[in-house]
Amino acid sequence: MTEKLGEQLTIDDMARSAMFSKFHFSRVFRQATGVSPGRFLSAMRLAEAKRLLLSTKFSVADISYRVGYNSVGTFSTRFSDRVGVSPIAYRQFRGLVPTGSGGASGAGAPSTILRGHVHPSPTDQPGPVFVGLFPSRLPEGKPVRYTVLDTPGPYVLSAVPEGRWHLIALCSTPTGTGTDWDDPGFIGHEGPLSFPAGTTTRLVDLRLRVLRPFDPPVLIAVRNRAPAMAAVAV
């Protein structure tokens, strides 16, 4: 995928490279990464687009072709859906897109407070830590709830809506430039976690580890400092 990011790769092409049948390859790939090969490839393309938007002066059209899209419209729509903002807005805000607060799905219904502790990796040089809830294993778009910690430690996410969510922590280095979540270095994951109706408090700890090549790319676009509150609903 990395070597042929701009080409029109299919599941058959990838399975052939791995010398597996298409079905066995897809099954093994999902077990290793938590997402399908197609979705992983799409995330890699958008992650590279994020990098190019911030580090080059290429036009949005040029970037879309470089990461394997034949249609600028399709690229812009996919980027907006998966990252949470348009490519132009992402470049304009230098990747630190302002996010607003809002209520949980089903306003007025009982919701859960999720709390726990983010433990650093033994090899970690702790920097800011993003902790967020997402619908899938991919950290993409606007999280259901999130907070940002100065260093690994206790966290609280309030007003968690009913559902099944993935809890993901991303840790940057102390010398990060403000777009730390694009290339965090350390990650922690638990999920999917169920939050049935009537749950009031849930305790879940996370342990950070070094980011691996099989970890899905990071597609979020939020500030590396949350407002002064326990959690932000977006």
Side-chain angles (χ1 to χ4, degrees), residues 33-35 43-44 46-47 50-51 53-54 79 82-85 89-90 93-102 104 112-121 123-161 165-193 195 202-212 214-234:
T33 67
V35 297
M44 286 185 66
L46 294 177
K50 288 174 64 180
R51 187 189 70 81
L53 284 167
L54 297 184
F79 190 99
R82 302 285 293 277
V83 179
V85 293
Y90 186 82
F93 289 108
R94 300 298 302 165
L96 302 181
V97 180
T99 55
S101 61
T112 302
I113 295 176
L114 174 62
R115 64 174 72 243
H117 197 100
V118 179
H119 298 278
S121 164
T123 60
D124 194 1
Q125 296 180 356
V129 180
F130 169 96
V131 183
L133 285 174
F134 296 88
S136 76
R137 177 65 180 83
L138 269 168
E140 63 180 6
K142 295 181 179 180
V144 176
R145 296 290 181 271
Y146 83 93
T147 189
V148 177
L149 313 174
D150 289 331
T151 59
Y155 74 90
V156 178
L157 298 177
S158 58
V160 175
W165 314 113
H166 288 258
L167 180 64
I168 298 175
L170 306 169
C171 183
S172 65
T173 62
T175 58
T177 60
T179 55
D180 312 296
W181 316 131
D182 291 333
D183 186 19
F186 299 91
I187 190 171
H189 168 256
E190 287 291 339
L193 303 171
F195 294 87
R202 184 79 181 270
L203 300 176
V204 180
D205 287 350
L206 287 169
R207 182 167 296 279
L208 297 171
R209 59 169 173 76
V210 175
L211 202 70
R212 302 165 183 161
F214 281 163
D215 287 313
V218 176
L219 298 182
I220 61 174
V222 296
R223 292 189 182 279
N224 70 342
R225 288 291 183 275
M229 57 190 298
V232 178
V234 294

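The model shown is predicted, which means the values in this text are computed figures rather than measured ones.
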Task: Nearest-0.5 Å distance that lies between atom CD1 in I168 and atom CZ in R137 - done: 5.5 Å

Task: Sub-4.5 Å side-chain heavy-atom contact between V144 and V160 - done: no

Task: For L208 against C171, the heavy-atom pair lying closest together - done: CD1-CB, 3.6 Å

- [ ] Report, as yes or no, whether the 6.0 Å neighbourhood of atom CZ on R115 holds more than 12 heavy atoms from other residues, nucleotides or ligands.
- [x] no

Task: Heavy-atom side-chain contact between F214 and T33 under 4.5 Å - done: yes

Open item on the list: With a 4.5 Å cut-off on side-chain heavy atoms, are L167 and Y155 touching?
Closed with: yes

Task: T112 side-chain N/O to L114 backbone N/O, donor-acceptor pair under 3.5 Å - done: no

Task: Distance, nearest 0.5 Å, that separates CG of L138 from CD1 of I220 - done: 12.0 Å

Task: Non-hydrogen atoms of G127 and P152 that approach each other most closely - done: O-CD, 3.9 Å

Task: P143 and L133, any side-chain heavy atoms less than 4.5 Å apart - done: no

Open item on the list: Can you confirm whether P135 sits close enough to W165 that some side-chain heavy atom of one is under 4.5 Å from a side-chain heavy atom of the other?
Closed with: yes

TODO: Measure from the side-chain N and O atoms of R82 to the backbone N and O of E140, and report whether any donor-acceptor pair falls under 3.5 Å.
DONE: no

Task: Ring geometry between F79 and Y90 (parallel below 30°, tilted from 30 to 60°, perpendicular above 60°) - done: perpendicular

Open item on the list: Counting C-beta onward and ignoring hydrogens, is there a side-chain heavy-atom pair between L157 and T147 closer than 4.5 Å?
Closed with: yes

Task: Check: H166 and P139 side chains under 4.5 Å, non-hydrogen atoms - done: no

Open item on the list: Quick one, F186 and V210 - any side-chain contact, counting heavy atoms below 4.5 Å?
Closed with: yes

Task: F134 CZ to L219 CG distance, which is reported to the nearest 0.5 Å - done: 9.5 Å

